[in-house]
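Here is the structure we will look at, set down as structure tokens.
We use all heavy atoms of the structure for the numbers below, so side chains are in, but hydrogens, waters and symmetry mates are not. Heads up: numbering here begins at 1 and tracks the sequence. When a ligand or atom number is given, it counts from 1 through the structure's own listing order.
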Amino acid sequence: MKLGVNIDHVATLRQARYVGEIDAHNAEPDVLAAAEICERAGASGITVHLRADRRHIQDADVFRLRERITTKLNLEMGNTKEILEIALRVKPDDVCLVPENRREVTTEGGLDVVGQLDALRPNVSRLREAGVRVSMFIEPSREQITASHALGAEMLELHTGAFANAQDSDQLAELARLRDAAIFAHSLGLQVNAGHGINYSNIALIRGLPHIEELNIGHSIVARALFTGFEHAVRDMLAAMLQP
Ligand code: PXP
């Protein structure tokens with residue numbers, strides 16, 4: 001299992017003070033420095049979400065990360081013309097298409113690939129033609145997996161939010177849904193990733209799932225980094241992921 005660190009919330013902290021001034025000499029914390037630390041600590045990739053409202057990551061961050069990081073760049077984005085054009089200029093290694101709603105605090109549900117086939121198809125094709133690998137951030141449902149596969153996505157990211165928010169037997173039921181989805185997606189030849197709400201406790205259950213190649217984790221790592229430093233926080237998560 002590889003780790004992609006989502007560094008959106010490094011930018012959230014910067015934007016709390018330096019809206020519109022990310023090039024100011026005193027604008028901090030530096031998103032690029034965070035990415036470099038993640039890579040040094042053993043992360044396999046850097047993930048950012050360029051939201052339509054630019055509440056955290058800014059366009060310039062994405063272009064700079066593209067130039068500077070040495071692992072891979074995974075751009076999370078809504079399926080809109082504006083962000084698609086930016087993605088085609090940035091050419092990240094991977095794009096993960098996510099649903100986006102301006103009022104949400106964070107991405108709430110999975111992308112409804114079944115219901116949006118016509119809107120997704122041309123944009124998935126354009127990204128793939130540009131050499132970008134495409135992933136769909138979906139609920140762990142066979143219908144959504146089948147539709148993503150039919151669209152030509154190479155990867156899926158299973159939404160682990162319902163699992164992360166549930167407790168006890170409900171959480172185990174969500175874990176079983178994730179397991180079934182991972183096995184089904186793998187049988188179709190899709191790369192299976194997962195993310196959302198994964199933390200230092202629930203990773204003990206997530207790491208037992210079959211066929212998961214990559215986890216994208218943000219909030220819990222950035223939160224721990226406030227106390228331990230970023231490098232420790234990433235190393236701790238990697239150690240937790242790789243425990244037998
Ligand atoms: N994967 C996707 C597609 C996301 O939208 C997010 C949240 O930005 C994450 C992973 C990371 O979630 P978290 O911050 O809860 O670890």
Side-chain angles (χ1 to χ4, degrees), residues 1-13 15 31 34-35 38 43-57 61-62 65 72-80 83 87 92-113 120 133-140 144-145 148 153-166 174 178 181-182 185 191-203 205-207 209 212-226 230 233-234 236-238 240-241:
M1 251 184 210
K2 294 182 185 152
L3 173 63
V5 181
N6 181 316
I7 57 171
D8 290 349
H9 293 320
V10 176
T12 301
L13 187 55
Q15 298 306 109
V31 167
C38 292
S44 301
I46 302 298
T47 295
V48 290
H49 184 172
L50 185 65
R51 295 187 72 104
D53 63 9
R54 306 301 198 275
R55 67 174 71 159
H56 37 55
I57 292 292
D61 293 322
V62 186
L65 286 164
K72 74 179 174 90
L73 180 63
N74 173 30
L75 179 66
E76 294 174 359
M77 54 175 268
N79 184 38
T80 67
I83 305 289
D93 300 276
D94 302 343
V95 152
C96 181
L97 289 166
V98 303
E100 202 175 294
N101 161 3
R102 272 179 191 265
R103 287 182 305 277
E104 70 194 358
V105 174
T106 182
T107 314
E108 278 165 0
L111 186 66
D112 180 13
V113 181
L120 288 163
R133 299 177 76 219
V134 179
S135 178
M136 302 286 180
F137 184 51
I138 56 168
E139 296 295 328
Q144 299 294 348
I145 294 168
S148 303
E154 284 99 340
M155 299 178 283
L156 297 176
E157 183 168 325
L158 298 176
H159 194 318
T160 49
F163 157 83
N165 291 333
E174 292 297 336
L178 289 165
Q191 177 176 326
V192 190
N193 305 328
H196 208 95
I198 298 175
N199 60 31
Y200 295 85
S201 311
N202 64 28
I203 186 66
L205 292 172
I206 291 286
R207 70 172 175 246
L209 287 171
I212 307 284
E213 288 203 21
E214 188 177 294
L215 298 179
N216 284 301
I217 308 180
H219 189 93
S220 63
I221 292 178
V222 177
R224 179 171 289 212
L226 289 175
F230 224 111
V234 174
D236 287 353
M237 184 56 83
L238 277 167
M241 283 166 59

Contact atoms of ligand 1, heavy-atom distance to I217 under 4.0 Å: 16 (O)
query: For the side chain to side chain contact (heavy atoms under 4.5 Å, CB included) test, which of N79, D112, V134 pairs with L120?
result: N79
- prompt: Which ligand 1 atoms does V98 reach within 4.0 Å, using its non-hydrogen atoms?
  reply: 3 (C)
task: Identify which one of D94, N193, N216, N6 satisfies the side-chain hydrogen bond (donor to acceptor under 3.5 Å, both in side chains) criterion when paired with T47.
output: N216
field: Ligand-side contact atoms (ligand 1) for residue partner N216, heavy atom cut-off under 4.0 Å
entry: 10 (C), 11 (C)
field: Proximity winner for atom 3 (C) of ligand 1, if only heavy atoms of H219, R51, H9, E76 are counted
entry: E76
query: With I206, which of L178, N199, L158 fulfils side chain to side chain contact (heavy atoms under 4.5 Å, CB included)?
result: L178
Any G197 heavy atom less than 4.0 Å from ligand 1: yes
- prompt: Has K2 got more than 12 heavy atoms of other residues, nucleotides or ligands less than 6.0 Å from its NZ?
  reply: no
- prompt: Are any of the N/O atoms in E157 less than 3.5 Å from those in ligand 1?
  reply: yes
Numbered atoms and elements of ligand 1 in range of H196, under 4.0 angstrom, heavy atoms: 4 (C), 6 (C), 7 (C), 10 (C), 12 (O), 15 (O)
- prompt: Are the side chains of M136 and Q144 in touch, meaning some heavy atoms are under 4.5 Å apart?
  reply: no
task: May I ask you to check if ligand 1 and G218 share an N or O to N or O distance below 3.5 Å?
output: yes
message: With side-chain contact (heavy atoms from CB on, under 4.5 Å) as the criterion, how do E214 and Q191 come out once you've worked through the C-alpha distance, each side chain's angles and the decisive distance to 0.1 Å?
response: CA-CA 9 Å; E214 188 177 294; Q191 177 176 326; 4.1 Å; yes
